[in-house]
Every structure is written in C-alpha cells, then in structure tokens.
Amino acid sequence: MNALSKLILHRLALGALTLWIVSFLIFAGVQFLPGDAATEILGQSATPETVAAFRKSLGLDLPFYLRYLEWLRAILHGNFGTALASGKDITEIIGPRLLNTSILAACAAVISVPLALCGGIVAALYRNTFIDRAINAVTLTWISFPEFFVAYILILILAVNTGVFPSLSQVDANMSLLDRASAIALPALTLAVVVMAHMMRMTRTSIVTLLGNQYIETARLKGVPEWRILVKHALPNALAPIANVVVLNLAYLITGVVVVEVVFVYPGLGQLIVDSVQKRDIPVVQACSLIFAATYVLLNLTADVLAIAVNPRLMHPK
Amino acid sequence: MASKVVDFNVHRDAPANEKEIRVMQPGPLLDIRNLRIEATVYPPGERPKNITLVDDVSVTLMRGQVLGLIGESGAGKSTIGLASMGYGRGGIRITGGEVILNNRNILQSGKMGLRKLRGREVCYVAQSAAAAFNPSHRLMDQVVEAALLHGTATRSEAERRAIGLFKKLGLPNPEDIGKRFPHQVSGGQLQRAMTAMALCSEPDLIVFDEPTTALDVTTQIDVLAAIREAIRDTGVAALYITHDFPVVAQVADEIMVLRHGKLVERGTTQQIIEQPREPYTRAYVSVRHIDQEQKAFHGPPVLTIDGVTAGYGNGVIKVLRDVSLDLHPGQTLAVVGESGSGKSTLARVVAGLLPPLAGRIQLDGHGLSPGLHGRSKEDLRQIQMIYQMADVAMNPRQTVATIIGRPLEFYFGMRGVDRDRRVAELLEKTELGQNLANRYPSELSGGQKQRVCIARALAARPKVIICDEVTSALDPLVAQGILKLLLSLQSDENTAYLFITHDLATVKSIADGIVVMYRGQIVRQGPKKQVLTPPFDSYTDLLLSSIPQMEVGWLDQAIKTRRMESGGN
Amino acid sequence: MTMTMLLPQGALRSGARKLTSAPLSVKIGIAIIILYLLMALLGPVLSPYGEAEIVGAPFEPWSDRFWLGTDSLGRDMCTRLVFGARNTIGIALMTTLLAFSLGALTGLVAATFGGWTDQLLSRLVDVLMSIPQLIFALLLLSVFGTSISTLVIVIAVLDSTRVFRLTRAVAINVAVLDYVEAARVRGEGPLWIMGREILPNIAPTLIAEFGLRFCFVFLLISGLSFLGLGIQPPTADWGSMVRDSATLITYGDITPLFPAGAIALLSVAINLVVDWFLQWASGLKGD
C-alpha cells in the first residue's frame with residue numbers, strides 16, 4: 001500500500017474516532033444535568049408519576065454505559081427516539097427539516113463559493129491597489145456584521161421596500177420550484193453574504209502567500225504572461241489551501257444557518273434546535289447537535305483528505 | 001530615466017530574423033550604463049525612506065564572455081543581475097541609467113517587450129533550485145516551458161535538446177529524469193536541471209545567482225564543473241554572481257568587485273586574484289589567511305566524549321555512532337562534515353539538549369548528566385554555546401545589556417552596578433563599545449550581533465564554548481574578524497572551543513585539532529597537521545580536494561585527481 | 001497596561017508615533033471604540049429613564065419623549081440602547097478575558113513543556129473543537145439553563161480552545177528559536193522562558209487576537225441573545241432588543257436596525273483597528 005492511501009486511511013480512521021467521541025460528548029452532556037434530570041426538566045410541580053415515567057423514557061434507571069450503547073445502537077439504525085414536547089418520532093421531525101436546511105446551505109454555497117474565490121483571487125492579483133483595498137474594506141465590514149443585521153437590511157431593501165422577495169420563507173413540499181426559489185432567496189443571500197466575506201479574505205491570503213513563492217518568480221523570469229502564471233503555476237498549488245478555505249467556510253454555514261433560519265422562520269434544523277433548546281427538549285437537541293457536528297467533522301475530514309490527495313509529494317513518492 | 005533611445009523598434013518588427021540580426025551585430029551583448037537602483041524601506045515607527053542599492057554601476061559583457069560579479073551581502077550584485085533582465089524584486093526601482101541588451105535599451109521595452117526577452121535572450125539560474133522549481137509540475141515541462149512559450153522550438157525539439165543538456169550536465173538517466181517531480185531529485189541535481197532549463201531556450205545570456213552556494217562542498221565542485229562545461233560548449237555569455245572568490249575564479253573570464261552598490265574594481269580573473277589594485281579587494285582575496293600556530297596539548301582534557309551514540313525517534317534514526325573525542329583547555333577542536341554528518345547533533349548532545357542513547361560525556365573528570373535537567377548550574381555554566389544565526393540567537397525584545405547581563409545575574413548573582421560594569425567590560429572585550437548596551441538586536445549589524453553572542457557566552461566564564469557554524473552566515477571579511485576575536489579571547493581566557501563547521505578553509509586557518517565526520521561517524525581525527533597530511537582516507541580526500549582554491553585552473557586539476565565520487569549530487 | 005509590560009519602550013513609542021500616522025479609518029475606529037466605552041461607563045447618567053422601566057405604551061413611534069419609540073412592553077428604546085452597551089460589552093469583555101486567560105496560559109504551557117503535556121491539552125482541545133461552537137453552546141445551554149454566569153463560562157471555555165490553538169502555534173514558533181534554546185541551555189526555569197523569552201515575542205499577535213476574539217464572542221453572545229438563549233430579560237441587551245422589535249421591520253420601521261447596527265458598528269470599528277495593528281505587528285517582526 002502506498003503512502004498516499006495509507007495517509008488517507010489514517011485520516012479517515014481519525015475522523016471515525018472523532019465522530020465517536022462527538023457522539024459520546026453529546027450523550028454525556030445530558031448527564032451533567034444538575035440534580036435529577038427529570039425533575040429539572042419537568043419542573044418542581046411535576047407529579048411523582050410523571051417524573052417516574054419521564055425517567056423511564058430517558059432510560060435514567062439503567063447504568064450510564066448501557067444507556068449510551070443503546071442510544072448509539074438506535075442512532076446507527078436511524079432511530080433518534082421521541083421528542084419530549086410533542087411525543088413524535090424525532091427521525092420523522094428531522095427528515096424534512098434536514099432536507100430544507102441542506103437546500104438552503106447548498107444555495108448559499110453555490111452563490112458564495114465562486115464569487116468568493118474570484119474576489120479573493122482578484123484581490124490577490126491586484127494586491128495593494130485600489131481594488132484590493134476596496135475588497136478588503138467591504139469584506140472587513142461584512143465579517144463584522146451579525147447575521148441578523150445583514151438579514152434585516154436585506155429584508156428592508158428587497159422585501160419591504162421593493163417587494164421582490166417575501167420576508168418570511170415558508171416552504172412546503174407542494175410548492176412549485178419557482179415559489180420555493182423565491183422563498184429561500186433572502187435567507188440564502190444572507191448566508192452567502194456572511195460566508196463570502198470570510199472566504200474571500202482567506203482566499204486572498206492563501207493566494208498572496210502562494211504568489212510569494214520563488215517558483216512564481218522563476219516563471220516571471222521565463223517571460224510567462226501573468227494569466228498563465230496564475231493558471232499554470234499558482235492554481236495547481238493552490239488547490240489544497242483553497243479546498244481548505246472553502247470547506248472551513250462551509251462549516252461556518254452551519255453556525256450561520258441557525259440564526260438565519262430563525263430570522264426568516266424557515267422550517268429547517270436550525271430553527272428546530274433553537275425551539276428545542278427553549279423547550280429543553282433534550283433528545284431533539286441531541287439529535288440536531290449530532291447531525292450538525294457530524295456534518296462539521298465530515299467537512300473537515302474532506303478538507304484534510306483533499307489536501308493530502310493533491311499534494312504532489314505524496315502523489316508521486318520518491 | 002534614460003537619455004538615449006535605442007533603436008530597438010527595427011528589430012521588434014522583424015522577429016523572424018531577430019536571431020540572425022543579433023548574431024551579426026557587433027558591440028557588446030550587454031551594456032549596462034550608469035545603473036542606479038533604489039528601494040523604499042519602511043523601518044517600523046519611522047517615515048519610509050529611500051535607499052540606494054546600486055549606485056552608478058556600468059557593466060559591459062561581450063558575447064560568449066563570463067563575467068563574475070562578486071561582493072558581500074548588500075553589494076547589489078543580485079540586483080544588478082536581475083536588472084539585466086529588467087526585473088526588480090519587491091519594491092525595487094531602476095531610477096537611472098540604461099540596460100542595453102542586443103543593442104536596445106530594455107528598460108524602455110515595456111511589459112510585453114520584457115516578457116519576450118526573458119527566457120529567450122536572458123535566462124536566470126537561482127541560488128535555491130529547490131524553491132525555484134514548481135512542485136506541481138514535472139521537470140521536463142518546466143525545462144522546456146520557456147522555449148515553447150517563445151516559439152523557439154517545437155515540443156519534441158525542445159525535449160530532445162533538454163535531454164542532451166541533461167546528459168551534458170551529468171544528470172543520471174537523462175532520458176527519464178525529466179519525468180520526475182522536483183521533490184524526487186536531490187539538491188545538486190535540481191541545480192543542474194535549472195541550468196538545463198536556462199540553456200534550453202538557447203539564450204544569449206544567463207544570469208547565475210550563487211548557483212552553488214547552498215550545496216555541500218563535495219557536491220558544489222561537480223555542479224560547478226558541469227556548469228562551466230555547459231557554458232563553454234554552448235558559448236553562452238554569463239553573469240556569475242557569488243560572494244566566494246575561489247568559486248568565481250574557476251568560471252569567470254573577468255571579475256567585477258562590488259561593495260555597497262558601487263564598483264570597486266574590474267579586471268581579468270588572473271589580475272584580480274593575483275594583483276588586486278584596491279585595498280578592499282586585497283583584503284577580500286586574502287581572507288582566511290589567519291596563520292594560527294598549532295598548539296600542542298598535554299595533561300587531562302576538559303571535555304571527554306566517550307562512545308556516544310545518539311539519534312531521534314527513540315533510536316530508530318541514529319545520527320551519531322560511537323563518537324569519541326577529547327578537548328583540552330585552550331584548544332580549538334574543529335568538527336568538520338557536510339550536512340547529515342551529525343556534527344550539529346554532536347553539539348546538541350554535548351549541550352545536553354539531546355540525551356545520547358549510549359556513551360558518556362565527562363567534564364573536568366566528572367561525568368555529566370545526559371540531559372539538561374540532571375546538570376547542576378555549575379556544569380551548565382561551564383559549557384556555553386554560540387549559534388550560527390546570531391539573529392535568532394538573541395531575544396529581539398531584550399536589549400544588549402539584558403542579553404549579556406542575564407548569565408551574570410543567573411550564574412553569579414550579579415546585580416545593579418556590578419553587573420553593568422561587567423557588561424561594559426565584556427562589550428569592550430568583544431570590541432563592541434559600551435554605547436551599544438541599550439540597543440536592541442535589530443539595531444545591530446550581522447557582525448555586531450555575533451559579537452554580542454560571544455560576549456554572552458564569555459559572561460558565564462565557561463571552560464568550553466561550542467561554536468556551531470558561527471561564521472557560516474557572515475560575509476567573509478566579517479567572519480574573519482569574528483575568528484580573530486575568538487582566537488584572541490582564547491589566548492586570554494584559555495577557553496576550549498568545540499568548533500562545528502562545514503567550512504574547511506576556516507578549519508585550516510584556526511584549528512588545533514580536527515575531527516572529520518561522515519554519516520554520523522568519525523572517519524579521521526588528530527592534530528591539524530596530521531589530519532591534513534596524506535595518506536588520506538577516501539572521504540577526507542574527497543572533502544579536501546573539493547575546497548575551491550584561489551587559483552585559476554584548480555577545478556580541472558581537482559576533477560582529474562579525485563578518487564571518490566561525491567554522494568548527494 | 002499589559003502592553004507596557006509586554007512591549008519594550010521602543011515599540012510602544014514607535015507604536016504611538018505610528019498611531020498618529022494611521023489611516024483615517026483606524027482613527028475613526030478608535031474614536032468609535034472610545035465612544036462605546038464612554039457610553040458603557042456613563043450609561044445610567046446619560047439615559048433619561050430606568051433600564052427596565054415601563055414608561056409608555058407598547059411600540060410607540062419616534063417622538064420627542066421617546067427618540068426611538070418604545071419596545072413591545074413600552075420601555076424606552078433609546079434608554080435600553082444605552083444600557084445595552086454596558087451589558088452586552090461588559091459580558092462579552094468578561095467572557096473574552098476569561099477565555100483568554102485560560103487559553104493563553106494553557107497554550108503557553110503546552111508550547112513550553114511540549115511532550116505529553118502538549119499532547120494531552122491539544123487532544124482535549126481537538127475534541128472540544130470537533131463540534132461547531134454555536135451548536136456546542138446550544139447543547140450546553142439547554143443542559144445548564146440560560147443564566148448569565150453559565151453563558152459566560154460556557155462561551156469562555158469553548159472560545160478558549162481557539163485562543164489555545166493560536167497561542168500554542170505562535171509560541172511553538174518562538175520556542176524552537178535559538179534564543180529560547182540558549183535560555184534552556186543556560187538552565188532557566190519554565191517561568192522565565194514563558195514570561196521573558198516567549199511571551200514578549202508573541203504579545204503583538206495575542207493583543208490582535210484579543211480584539212478578534214472579543215468581536216467573535218460579542219457577535220456570538222448577541223446571536224444567542226437574538227435567539228432568546230443568551231442574556232435574558234429584563235436586562236437590556238442589543239441582541240434581544242433586535243429580537244423583541246424585529247416585527248417592526250416588516251412595516252418598514254427601521255428601529256430594530258439600531259441595536260443591530262450598534263453591534264455591527266462596534267464590531268467593524270474593532271476589526272478596522274485590529275486589521276491595521278496586525279499589519280503593523282507583522283512589520284515589527286520583519287525589522
């Protein structure tokens with residue numbers, strides 16, 4: 001087996017280990033509930049019967065490791081248990097919401113990734129010129145804005161004042177594609193704006209570092225035109241850092257999506273987790289956290305594996 | 001800017017005939033007239049200021065001629081080399097003069113014009129080929145790129161030419177080496193490949209910017225010979241930039257000596273090295289001619305290393321194998337070797353930074369603990385260290401007084417006036433002057449920095465000082481000053497030096513004893529005269545025969561008489 | 001104060017000189033930060049009403065009495081905006097300080113000692129960082145409940161992981177330099193090495209990072225408050241003020257943009273100053 005696949009396998013194993021630790025953390029977190037979990041959640045006024053039933057439903061009468069293994073086994077079978085508040089099956093609640101959130105995140109990514117990469121590359125190529133400074137000023141401002149500030153400004157301009165898009169993003173399964181697109185336009189745009197600023201700045205930094213390499217000077221001294229230097233000499237080496245930047249920022253979408261869904265009342269996972277935290281519906285919070293965290297771990301894993309895979313030193317060992 | 005406009009328009013309109021026209025043209029190939037180059041520097045907390053890097057320098061170079069540009073750092077030699085391609089690094093600006101190449105002023109060629117001549121009429125060979133090759137592309141693609149780009153050859157022609165050049169430059173497997181990636185070949189091979197890259201588009205001029213400086217001495221000689229052969233066979237003209245006189249003496253027809261951006265003198269190689277006119281050149285040429293009398297040593301050694309084996313990763317990688325040596329009070333013992341010989345590891349072991357896997361170290365007759373933590377303050381005081389890079393050996397946030405004063409405080413509990421007096425004494429002793437006490441390292445020159453490090457080591461009044469490549473990062477004349485200082489301090493204090501170096505010329509001039517290391521083992525040791533007298537073992541022979549000598553024609557002799565091939569080229 | 005300790009006189013002096021020659025945007029940034037600090041300190045004196053005092057009808061429009069109208073309970077928006085400065089900035093600052101003390105100290109220890117100490121701390125941080133910060137915070141807040149002290153501790157612990165990573169990374173870069181090795185060979189103890197050799201050389205990076213971390217924490221806490229999970233009523237806080245008055249925006253009333261803009265403006269100001277400081281600090285390194 002060559003060094004490349006060995007490294008990738010090693011990284012994958014590490015990713016699996018991380019996932020397992022994450023699941024453990026999320027499960028164990030609940031055990032820190034001060035006092036008796038059931039009373040704490042149900043409140044002091046709960047009758048002993050309800051408390052007992054609740055304890056049983058949480059499996060609190062079993063030893064810790066058994067409960068964990070049972071929980072893990074159920075999850076691996078796609079069974080997240082039942083929600084405390086509504087008594088519904090969590091997998092059923094999560095299913096459509098996960099789809100909605102994925103669509104929203106995908107739209108935001110499709111808008112932001114190409115724009116951010118282009119912006120970052122342009123800023124790097126024209127560094128220390130007016131264009132670069134303008135991009136720097138704009139992105140610096142953007143990254144300073146809380147998501148909801150961007151969201152409300154967009155609502156004010158595009159929904160309230162001009163009425164192009166609706167200010168609330170209610171979607172359901174029976175909507176036409178066009179309606180759906182119009183409904184998620186504003187949240188997707190908000191997310192894109194927020195993520196784009198970060199991505200653009202990071203792209204610029206990594207391209208500037210790259211252009212400082214001596215082999216770029218070698219190419220210049222061969223009389224290679226600037227565009228060809230960028231395409232032939234810089235970009236092949238930029239794959240790893242750029243993949244890293246993109247993935248890191250997609251991971252950032254996870255955080256952004258929570259706030260944005262709440263602003264636009266979009267029926268996704270983010271809103272679900274916030275509602276459940278307010279209701280202290282712990283099984284749902286656990287399930288959502290697990291999904292978010294797993295996505296995050298997988299994204300980071302992808303970045304690592306990509307970086308390994310495009311490294312010429314590993315691709316062509318001695 | 002330039003006053004005369006040269007009639008390059010004529011040639012630009014007739015690219016098909018350009019090569020012929022160029023060949024037929026009389027006059028110099030390169031004619032740099034009154035070049036002036038400036039840069040803006042931004043010292044922190046001060047207003048940006050303009051500095052002059054090159055001041056009124058003129059260079060003429062005939063077709064097929066090799067001109068050596070020599071000077072210490074800051075002489076402006078690389079800047080001039082790049083200016084001949086119309087290129088300036090960073091914020092460098094050409095503010096005066098003309099660069100006339102093939103009878104036209106390239107400074108007025110515009111971006112397009114410059115791009116057309118770079119890689120076609122002039123090519124560049126960098127000091128670090130490892131950094132100059134793009135890690136993502138195969139060697140062949142990079143070697144032929146310029147020729148294809150400028151349309152001087154088809155791909156198959158260019159590749160055939162490249163293979164021929166690989167062969168000529170002595171690269172192994174010339175047919176296949178082009179398929180490799182840069183990280184798959186050694187440093188010496190990359191340097192050869194870079195020369196092939198420059199020659200591949202059949203330019204009129206190649207700028208060699210310290211092409212062998214980063215290589216080990218035994219590799220340097222082969223690469224140097226290969227480069228010289230290639231220059232001779234192809235008849236290309238070259239600007240050969242270096243700081244090393246013996247090296248330039250082997251390749252250049254003429255030499256220009258530069259200092260602080262100004263021309264010192266120009267002459268034929270023979271004249272410059274044998275009868276330099278200017279005092280600066282004379283000092284430069286005669287550098288390293290310190291004739292230190294070899295001392296004899298009797299009595300007990302101050303430091304004994306006995307059967308030391310050391311390595312990293314729990315002994316998986318052994319860097320030192322069974323090394324034993326004695327160091328006497330007042331002795332300078334030089335440990336010589338190339339990269340990977342384990343000489344620096346030996347320094348780390350003695351200093352206690354790397355506990356050995358086996359063997360003992362004794363100081364003044366008592367055993368030293370292998371690691372730092374087991375050593376008493378007294379033991380630590382007795383062994384001090386001076387580093388190669390004085391820049392990073394001093395905390396940039398401490399003043400000179402703090403740097404030198406700390407050992408006084410730490411080992412002797414000196415404070416206040418006592419301490420300040422002793423710091424002043426040490427500054428005087430290292431020829432620095434007391435007014436430097438409140439400066440920060442960044443405000444000192446390279447030589448001054450190394451002197452502060454010496455003062456810091458002396459402050460502890462040690463019996464042994466480990467000098468780890470202390471002069472390698474310095475310019476030759478500055479290095480010589482440091483060596484002289486070390487020797488005079490030694491005669492005052494009777495300190496023993498464990499002098500780690502790769503530079504045999506230095507060793508020859510200052511050592512009392514020599515230890516030659518090769519791949520973690522000692523291959524030869526003894527008093528200087530004995531080590532440097534034949535018969536030699538084959539490695540010592542290779543090492544000694546590889547040191548460039550300050551005489552024309554040395555290279556041919558050396559290549560002819562060598563017994564062992566160097567390994568890592 | 002910390003700056004005087006950590007940076008040598010020269011750097012401080014040149015820093016002050018540099019400040020006068022800083023671009024206009026940086027000067028504006030500094031002015032804004034000072035303004036916010038004044039508002040936070042003098043809030044109770046400046047504001048016409050009490051923090052949670054109900055002084056009018058819900059959602060009253062802008063008027064001479066209520067410059068920015070009233071909120072959903074009839075409290076003066078303007079008053080709460082001023083009090084919000086004190087609460088939001090105060091809590092964020094406290095959290096950042098806590099996160100920084102924890103992260104910088106452990107990072108420095110990990111870099112100086114290396115070996116298993118470093119391994120242990122780094123792996124712990126890896127685990128804590130394998131879950132997105134906001135999600136982790138939500139999880140912990142749902143378990144521990146939402147009080148200000150839990151909020152501060154949870155965010156501080158989670159954020160200290162970032163500080164740890166950065167501190168460790170820059171400290172390791174310094175710890176391998178010859179002057180630190182020289183100090184070890186001299187026999188110096190870990191306190192000297194951390195405090196005198198490493199810390200002064202990473203101080204500029206840490207100071208800049210403090211600004212960035214503060215921004216991040218400030219935005220995170222505001223975000224949580226906006227979600228109704230951060231600072232709880234009746235404490236005036238910009239994030240929850242946006243949440244409470246958000247519906248107004250659909251009627252074209254821009255009042256909710258004021259607390260949101262207050263957050264954004266401070267964050268922009270800090271970022272402007274930090275961005276400039278980072279450039280200046282990297283210039284320091286290159287001298």
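Protein chains get the first letters and strands the later ones, always in sequence-line order, with residue 1 at the start of each. Hydrogens, waters and symmetry mates are skipped; everything else that's a heavy atom, side chains included, is used.
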Which portion of [X] sits near chain A, non-hydrogen atoms under 4.5 angstrom:
X	result
C/Leu272	both
C/Asn271	both
C/Pro132	both
C/Leu227	both

If you apply the rule salt bridge (Lys or Arg N to Asp or Glu O under 4.0 Å), what do you find for C/Arg168 with C/Asp118, and how did you get there?
CA-CA 9 Å; C/Arg168 178 180 172 277; C/Asp118 181 24; 2.6 Å; yes
Measure [X] against the heavy atoms of chain C and call it side chain, backbone, both or neither at under 4.5 Å.
X	answer
A/Val262	side chain
A/Asn136	side chain
A/Val160	side chain
A/Tyr296	side chain
A/Leu19	neither

Measure the spacing between [atom1] of [X] and [atom2] of [Y] and express it to the nearest 0.5 Å.
X	Y	atom1	atom2	answer
A/Thr190	A/Leu104	OG1	CG	9.0 Å
A/Ile157	A/Tyr152	CD1	OH	15.0 Å
C/Phe210	C/Leu206	CZ	CG	11.0 Å
C/Leu138	A/Ser276	CG	OG	10.0 Å

Look at C/Gly223, C/Pro256, C/Ala246 and state which one has the largest set of heavy-atom pairs under 4.5 Å with chain A.
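Between C/Gly223, C/Pro256, C/Ala246, the count favours C/Ala246.
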Let me know which of A/Arg201, A/Arg204, A/His198 forms a side-chain hydrogen bond (donor to acceptor under 3.5 Å, both in side chains) with A/Thr139.
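Answer to the side-chain hydrogen bond (donor to acceptor under 3.5 Å, both in side chains) test with A/Thr139 among A/Arg201, A/Arg204, A/His198: A/Arg201.
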Test side chain to side chain donor-acceptor pair (under 3.5 Å) on C/Ser240 and C/Asp237 and set out the steps.
CA-CA 6 Å; C/Ser240 39; C/Asp237 152 79; 2.8 Å; yes
Return the minimal non-hydrogen interatomic distance between A/Ala151 and A/Phe264, and the atom names on each side.
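Looks like CB-CE1, 3.8 Å.
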Could you list the residues that satisfy ring pair (Phe, Tyr, Trp, His ring centres under 6.0 Å) with A/Trp142, not counting sequence neighbours?
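A/Trp142 satisfies ring pair (Phe, Tyr, Trp, His ring centres under 6.0 Å) with no other residue.
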Side-chain ([X]) to main-chain ([Y]) donor-acceptor, under 3.5 angstrom:
X	Y	value
A/Thr101	A/Leu269	yes
C/Ser130	C/Val127	yes
A/Glu147	A/Val259	no
C/Gln232	C/Gly228	yes

Select all residues of residues 85-96 of chain C having any heavy atom within less than 4.5 Å of some heavy atom of chain A, and report them by number, or 'none'.
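Near chain A, by residue number: none.
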Which residues from residues 212-222 of chain C are near chain A, with near meaning under 4.5 Å between non-hydrogen atoms?
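Within residues 212-222 of chain C, near chain A: C/Leu219, C/Ser222.
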Partner chain C: residue of [options] with the largest heavy-atom pair count (under 4.5 Å):
options	value
A/Ile21, A/Leu156, A/Val263, A/Val297	A/Leu156
A/Ala293, A/Ala294, A/Gly270	A/Ala293
A/Val22, A/Val277, A/Thr141	A/Val277
A/Thr18, A/Leu140, A/Val274	A/Leu140

So, are A/Asp304 and A/Arg11 salt-bridged, with charged N and O less than 4.0 Å apart?
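Yes, charged N to carboxylate O under 4.0 Å.
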For the pair A/Phe24 and A/Tyr68, name the ring-plane relationship: parallel under 30°, tilted 30 to 60°, perpendicular over 60°.
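Ring orientation, 0 to 90° scale: perpendicular.
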Using the salt bridge (Lys or Arg N to Asp or Glu O under 4.0 Å) rule, collect all pairs that involve residues 123-144 of chain C, keeping only residues at least two apart or in two chains.
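Pairs touching residues 123-144 of chain C that pass the test: C/Arg123-C/Asp126, C/Asp126-C/Arg165.
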